[in-house]
Amino acid sequence: MKETRVRYAPSPTGDPHVGNIRSAIFNWLFARNQKGKFILRIEDTDQARMVDDGIQKQKDALNWMGLNWDEVYIQSERIEIYTKYAEKLIDEDKAYRCFATQQELDDLRNKQKAAGKITRYDGRYRNYDLDLSQKRSKEDPFVIRFKSPQEGITKCYDEIRGEITFNNKELDDFIIMKSDGFPTYHFANVVDDHLMNISHVMRAEEWLPSLPKHVNIYKSLDWEMPLFVHLPMILASDKTKLSKRHGATSIQEFINEGYIKPAMFNFLVLLGWALDDKTEQFTIEELINVFNIKKISKSPAIFNKQKLDWFNGKYIRELKSDEIAKELDLFFKNSINIKNYNIIKKYNFVDIANMIKERSKTLKDSLMLSEFIYNIPSFKSKEEVYAMCDDIDQCSYILKSTIDCLNKIDDFNIETVQFELKNLMEELNLKPKNLLGTLRIVITNQKISPPVFDCISILGKKESVNRISSALDFI
RNA sequence: GGCCCCAUCGUCUAAUGGUUAGGACACCACCCUUUCAAGGUGGGGAUACGGAUUCGAAUUCCGUUGGGGUCACCA
């Protein structure tokens with residue numbers, strides 16, 4: 001049995017898109033399931049689209065997802081290899097130099113368009129004299145084109161779709177080497193997949209139309225073909241390709257919005273793949289064990305952010321508090337100003353995690369829920385303070401009693417605070433709204449907050465009493 | 001437009017040719033409740049359409065319709 005070797009082959013042109021990362025996840029899971037190799041190949045053959053830290057961004061995204069690679073290659077370092085095979089194809093009359101200028105091709109295309117014909121290269125250098133071509137290549141810029149078959153059909157095979165046939169009349173002599181000496185995707189991809197012994201090419205469905213190009217290159221080089229697995233597209237809710245205008249599309253954006261890795265991983269793997277009719281939450285180890293190419297679906301999947309939110313909330317709830325605490329620390333550091341971060345850092349992130357766990361879909365939600373820690377309440381009117389009381393006198397009485405009550409507590413924690421305040425509520429015959437509602441106002445001044453008991457115990461006795469006292473002074 | 005792919009609740013999906021077509025998100029109602037959540041219980045909601053094959057079709061075949069992808073010296 002041949003070793004399973006798969007690859008993730010991004011071009012480093014910006015922040016990695018979730019669709020690409022989903023492909024990476026499928027490849028990685030399959031490699032790990034088969035005890036094979038997961039290879040990272042940087043496809044940086046387009047000089048114009050290069051981005052400075054593009055390669056690092058790809059690696060960062062994989063690292064964040066926990067997708068470790070076994071080998072890494074960079075195509076721009078392999079130019080001689082592609083050149084060698086391109087020249088071999090010329091020698092064997094399977095490819096040829098084309099000296100048509102950009103202007104010439106534009107004119108051709110415009111003419112075809114005007115005549116209502118499909119636009120394609122007309123093969124004008126297909127039969128150009130080889131000696132002449134050789135000579136002219138020394139002074140004129142040129143590209144190398146592949147001699148596609150003109151008749152018959154090209155049979156392709158996709159592992160989840162079966163046989164797909166293309167009429168060779170539809171194929172044109174596409175470019176394999178650009179005039180700057182770099183290969184095009186179609187060529188570099190085939191050469192590398194062969195040289196790197198790739199067993200399964202798992203990539204997005206948008207590559208399906210160019211499959212015959214790749215198949216014909218394999219044939220002309222007399223190379224054995226890998227298995228092709230085309231992954232269903234990920235679409236936006238309007239059923240078009242997921243793009244910028246739909247909101248977040250890159251992994252980095254989702255991280256910034258407070259999504260955590262296990263949720264992202266779990267959600268993404270379920271876009272185009274399912275194990276059975278009931279299991280939908282998986283650990284990564286479980287996924288490695290059960291991942292199976294045959295269960296990849298054919299139809300495109302719509303990116304359903306509500307389900308992502310649900311997964312994220314579920315994972316936040318289920319993860320251990322100290323794990324969430326770590327995420328929170330990092331997230332707060334990156335999201336709020338340094339002054340507030342320094343204030344919140346004095347408190348225990350594990351306590352904060354426990355406080356926000358039940359009510360956060362994303363880490364961003366916990367930002368809002370924790371604002372009261374560094375935003376000390378201030379009031380414009382007395383009415384604001386006693387809004388939850390029958391009248392202002394009841395309010396000051398409640399505040400006074402609460403201060404006494406809290407001051408009596410020696411072991412100040414959430415259980416004791418809850419116990420004593422409930423006692424107080426009973427003793428004074430207060431409605432929950434009166435006592436707890438009022439305390440929410442003077443402690444947090446937020447419409448929405450974690451439970452009052454949590455807030456008070458997080459802030460501690462001193463700070464809580466301070467806040468209540470200043471509210472009492474105010475009214 | 002040519003070519004290619006695809007088609008089960010609004011969404012993600014499950015269903016060796018035989019199930020009251022299952023689950024999850026979302027939605028609605030009720031319960032719980034100091035706000036917000038979470039949780040619990042229940043509910044509505046799908047095989048695009050038309051033929052053919054078959055005792056029997058979501059499932060196989062053909063067509064229609066719809067959606068998507070692709071047609072660069074980008075990947």
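In the text below, chain A, chain B and the rest are named by the order of the sequence lines, each starting its count at 1.
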In the strands shown, is [N] matched to any nucleotide by a Watson-Crick or G-U wobble pair with both distances under 3.5 Å, and which?
| N | answer |
| --- | --- |
| B:A14 | none |
| B:C49 | B:G63 |
| B:G2 | B:U70 |
| B:C27 | B:G43 |
| B:A57 | none |

Does [N] have its OP1 or OP2 closer than 4.0 Å to a side-chain nitrogen or oxygen of [X]?
| X | N | answer |
| --- | --- | --- |
| A:K178 | B:C74 | yes |
| A:K295 | B:A14 | no |
| A:S449 | B:A37 | no |
| A:R49 | B:C73 | no |
| A:T45 | B:C74 | no |
| A:S297 | B:U13 | yes |
| A:R317 | B:G39 | yes |

Handout entry: is_close_aromatic(A:F228, A:Y157), centroid dist under 6.0 Å
Key = no
Exercise for the section: Check whether the ring centres of A:H200 and A:F30 lie less than 6.0 Å apart, and answer yes or no. Expected result: yes
Handout entry: Closest nucleotide among B:C73, B:A26, B:C5 to the A:L208 side chain
Key = B:C5
Exercise for the section: May I ask you to verify whether the side chain of A:R359 and the base of B:C36 hold a donor-acceptor pair under 3.5 Å? Expected result: yes
Handout entry: Any N/O donor-acceptor pair, A:T119 side-chain to B:C71 base, under 3.5 Å
Key = no
Students often get this wrong, so: under 4.0 angstrom with heavy atoms, is [X] touching a base, only sugar-phosphate, or nothing?
| X | result |
| --- | --- |
| A:S237 | nothing |
| A:P450 | base |
| A:K361 | sugar-phosphate |
| A:G272 | sugar-phosphate |

Exercise for the section: Would you mind telling me which of A:F303, A:F282, A:W273 makes a ring pair (Phe, Tyr, Trp, His ring centres under 6.0 Å) with A:F267? Expected result: A:F303
What integer distance in Å separates [X]:[atom1] from [N]:[atom2]?
| X | N | atom1 | atom2 | result |
| --- | --- | --- | --- | --- |
| A:K433 | B:U34 | NZ | P | 13 Å |
| A:E206 | B:C4 | CD | P | 19 Å |
| A:Q306 | B:U11 | CD | P | 12 Å |
| A:K239 | B:G68 | NZ | P | 8 Å |
| A:N445 | B:C36 | CG | P | 17 Å |
| A:E280 | B:C25 | CD | C1' | 8 Å |
| A:I324 | B:A37 | CD1 | P | 20 Å |
| A:K307 | B:A24 | NZ | P | 9 Å |

Practice task
Determine whether more than 12 heavy atoms belonging to other residues, nucleotides or ligands lie under 6.0 Å from atom CZ of A:F419.
Solution key: no
Exercise for the section: Taking atom CG of A:D238 as the centre, report whether more than 12 heavy atoms of other residues, nucleotides or ligands fall under 6.0 Å from it. Expected result: yes
Taking atom [atom1] in both [N] and [M], what distance in whole Å separates the two?
| N | M | atom1 | value |
| --- | --- | --- | --- |
| B:U64 | B:C73 | P | 34 Å |
| B:U70 | B:G44 | P | 41 Å |
| B:G42 | B:C25 | P | 14 Å |
| B:G2 | B:U59 | C1' | 32 Å |
| B:A46 | B:A58 | C1' | 10 Å |
| B:C9 | B:A15 | C1' | 15 Å |
| B:U60 | B:U16 | C1' | 14 Å |
| B:U11 | B:G17 | P | 26 Å |

Practice task
Please check if any side-chain donor atom of A:T249 sits under 3.5 Å from a side-chain acceptor atom of A:K244, or the reverse.
Solution key: yes
Problem - Donor-acceptor contact below 3.5 Å, side chain A:N110 vs main chain A:D106 - result: yes
Practice task
Just say parallel, tilted or perpendicular for the rings of A:H214 and A:H186, cut-offs at 30° and 60°.
Solution key: tilted
Problem - Toward the 5' end of RNA chain B, by each residue's nearest nucleotide, A:L270 or A:E170 - result: A:E170
